[in-house]
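Below is one structure; the comments refer to it alone.
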Number of protein chains: 2
Amino acid sequence: MAASDARTPRERYRAQVREEVRKHAWEQIATAGASALSLNAIAKQMGLSGPALYRYFASRDELITELVTDAYRSLADTFRARAAAGTDLAGLVDTLRRWALDDPQRYFLVYGTPVPGYHAPQETTRISGEIMAVILDACAAEEPADESPGAPPSPLDAHLAEHRAWAGQHPAPPSALRLALAFWTRLHGVLSLELAGHFTGMGLDPAELYAAEARSLTGR
Amino acid sequence: MAASDARTPRERYRAQVREEVRKHAWEQIATAGASALSLNAIAKQMGLSGPALYRYFASRDELITELVTDAYRSLADTFRARAAAGTDLAGLVDTLRRWALDDPQRYFLVYGTPVPGYHAPQETTRISGEIMAVILDACAAEEPADESPGAPPSPLDAHLAEHRAWAGQHPAPPSALRLALAFWTRLHGVLSLELAGHFTGMGLDPAELYAAEARSLTGR
DNA sequence: CCCTGACGGTTATAACTTCTAACTGAAGCG
DNA sequence: CGCTTCAGTTAGAAGTTATAACCGTCAGGG
């Protein structure tokens with residue numbers, strides 16, 4: 001669907017090959033992780049010989065960077081599609097877990113261990129903002145059931161009232177900002193440990209843990 | 001301190017070299033991540049030539065495995081040392097963050113992106129149990145301030161009452177088990193995102209977020 | 001219609017990596 | 001004192017990323 005609207009045939013072919021390279025790269029990553037991604041192996045799978053891929057990607061890093069932004073875009077699109085069907089927070093909770101379990105290595109490409117030297121491209125921070133905007137929409141729509149109306153603002157609320165640049169122009173009260181951050185950090189906490197296999201052998205169901213954190217967010 | 005109590009001089013020398021290899025490996029990991037760890041580079045730094053290190057480590061994987069269990073042991077020791085000075089949960093909260101910030105790549109070696117094929121050795125699950133035992137001690141000592149006494153057990157409590165094998169023989173009520181799991185998943189959620197740099201550029205203080213989650217655990 | 005230049009793909013090669021094999025020399029131990 | 005074990009060496013195989021040089025083909029302008 002994408003990469004087919006190009007003027008010249010050459011550009012069209014080029015986009016098509018790049019697409020196929022990405023496809024094989026995702027297959028490799030899904031089975032062996034991003035660190036095991038091999039340009040040579042991809043070239044062989046495509047019937048090409050080694051250096052041919054360098055016509056399409058300047059380096060292995062550039063390919064991985066492309067995959068990272070692909071992953072970001074995938075999450076943002078999935079979130080937006082779910083939000084279009086109703087802006088309830090619980091829907092996003094389920095959507096996030098399904099997206100993560102659908103391809104764990106894709107999740108790790110976004111939220112996993114970073115390489116110390118690596119700097120993410122500007123694109124990812126932009127998409128990250130889009131993702132956060134969807135979460136904020138759902139959090140703002142949620143009634144603040146997790147505190148009494150007259151309660152004093154927590155220290156975090158005070159801090160968030162000061163530093164809310166990350167929320168962009170979103171008109172959300174501090175309680176919604178706090179809920180959005182809790183959504184992000186708590187679900188990531190359970191999800192990343194589950195995907196990394198830290199619950200296997202403990203004999204408990206990660207879905208149960210995830211559901212419990214979901215209840216802590218949506219006011220049980 | 002360690003690796004010096006060996007009978008024969010050969011064993012002593014061997015343990016000493018292995019120790020030095022680990023030292024250089026940790027330096028490399030701290031600056032470039034575990035994926036960039038190079039046996040050749042370590043050998044050169046030690047004035048040795050490539051294959052010499054294979055007398056001490058059967059493979060690169062074995063060295064990394066050693067480092068992973070080192071990291072687990074480091075966290076368990078740090079936790080136990082803190083617990084010996086008072087079994088309050090807040091102390092463990094601070095200890096965890098300091099340990100993580102002290103060497104982020106060491107944290108990722110334990111809780112970061114796993115390699116799909118890799119299977120952690122039995123040792124790590126044992127140490128993981130020790131770590132959880134320290135957390136459980138602190139959680140059991142904490143009064144359950146996060147719920148009213150007569151409240152019905154949550155779905156998670158019911159699940160934990162059934163599947164509490166991971167807690168070993170620890171005599172902790174389901175509420176303590178729940179608190180321990182929340183300690184683990186919530187603090188890891190904030191911490192891993194902070195270490196991965198997902199908060200940089202957002203203009204908010206990760207310590208503030210971490211403190212907020214800490215308050216949610218210790219009953220503010 | 002033809003010609004030229006851009007571009008995809010090739011092989012060769014450099015500089016890495018992990019890891020094995022074979023050899024050497026020295027240290028430990030009976 | 002001698003034997004044996006073991007540390008360390010070089011050589012080399014099989015990978016990897018990446019560059020350089022070359023070749024053929026396709027696309028588009030004159």
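All values below come from the heavy atoms of this structure, side chains included, with hydrogens, waters and symmetry mates left out. Below, chain A is the first sequence line, B the second, and so on; all start at residue 1.
- For the pair A:Leu53 CG and C:dT10 C1', the computed distance is 13 Å after rounding to whole Å.
- Note that the OH atom of A:Tyr13 and the OG1 atom of A:Thr8 stand 13.0 Å from one another [nearest 0.5 Å].
- Classification of the A:His188-A:Tyr111 ring pair by plane angle, with boundaries at 30° and 60°, yields tilted.
- Of the side-chain N and O atoms in A:Tyr56, none sit less than 4.0 angstrom from OP1 or OP2 of C:dC7.
- For the OP1/OP2 pair of D:dT16 and a distance below 4.0 Å, the side-chain nitrogens and oxygens of A:Arg60 include no atom meeting the criterion.
- One atom, CG of A:Leu37, and another, P of D:dG15, lie 18 Å apart when rounded to the nearest Å.
- Using a 4.0 Å cut-off between charged nitrogen and carboxylate oxygen, B:Glu20 and B:Lys23 do not count as a salt-bridge pair.
- One interatomic measurement links the two molecules: CD of B:Gln28 to C1' of C:dT17, which rounds to 12 Å at whole-angstrom precision.
- Residue contacts shown for B:Leu63 are absent, as no nucleic acid heavy atom lies under 4.0 Å away.
- OP1 or OP2 of C:dT18 sits under 4.0 Å from a side-chain N or O of B:Ser38.
- When rounded to the nearest whole Å, the span between NZ of A:Lys44 and P of C:dT10 equals 13 Å.
- Taking 4.0 angstrom as the limit, A:Ser49 places none of its side-chain polar atoms (N or O) nearer than this to OP1 or OP2 of C:dG9.
- Nearest nucleotide to the side chain of B:Asn40, out of D:dT19, C:dT18, C:dG8: C:dT18.
- Of the candidate nucleotides C:dG9, D:dT9, D:dA18, C:dG9 has the atom lying nearest to any side-chain atom of A:Leu48.
- At a cut-off of 3.5 Å, with distance as the only test, a side-chain donor of B:Thr65 or B:Tyr118 sits close to an acceptor on the other residue.
- Straight-line distance from the CD atom of A:Gln16 to the P atom of C:dG9: 11 Å, rounded to whole Å.
- Set against C:dC19, C:dG8, D:dG28, the side chain of A:Pro9 has D:dG28 as its closest nucleotide.
- Straight-line distance from the CG atom of A:Leu39 to the C1' atom of C:dT17: 15 Å, rounded to whole Å.
- Residue contacts shown for B:Arg10 include a base, since a base heavy atom lies under 4.0 Å away.
- For D:dT25, neither phosphate oxygen OP1 nor OP2 lies less than 4.0 angstrom from any side-chain nitrogen or oxygen of A:Tyr13.
- Rounded to whole Å, atom C1' of C:dC7 lies 17 Å from atom CZ of A:Phe57.
- Each of A:Arg55 and B:Ala41 was matched to the nucleotide of DNA chain C holding its nearest heavy atom; the match closer to the 5' end belongs to A:Arg55.
- Phosphate contact (OP1/OP2 of D:dA7, side-chain N/O of B:Tyr54, threshold under 4.0 Å): absent.
- The nearest whole Å value for the distance from the CD atom in A:Glu11 to the P atom in D:dC26 is 18 Å.
- In the model, B:Arg186 has no side-chain atom that pairs as donor or acceptor with a side-chain atom of A:Thr185 under 3.5 Å.
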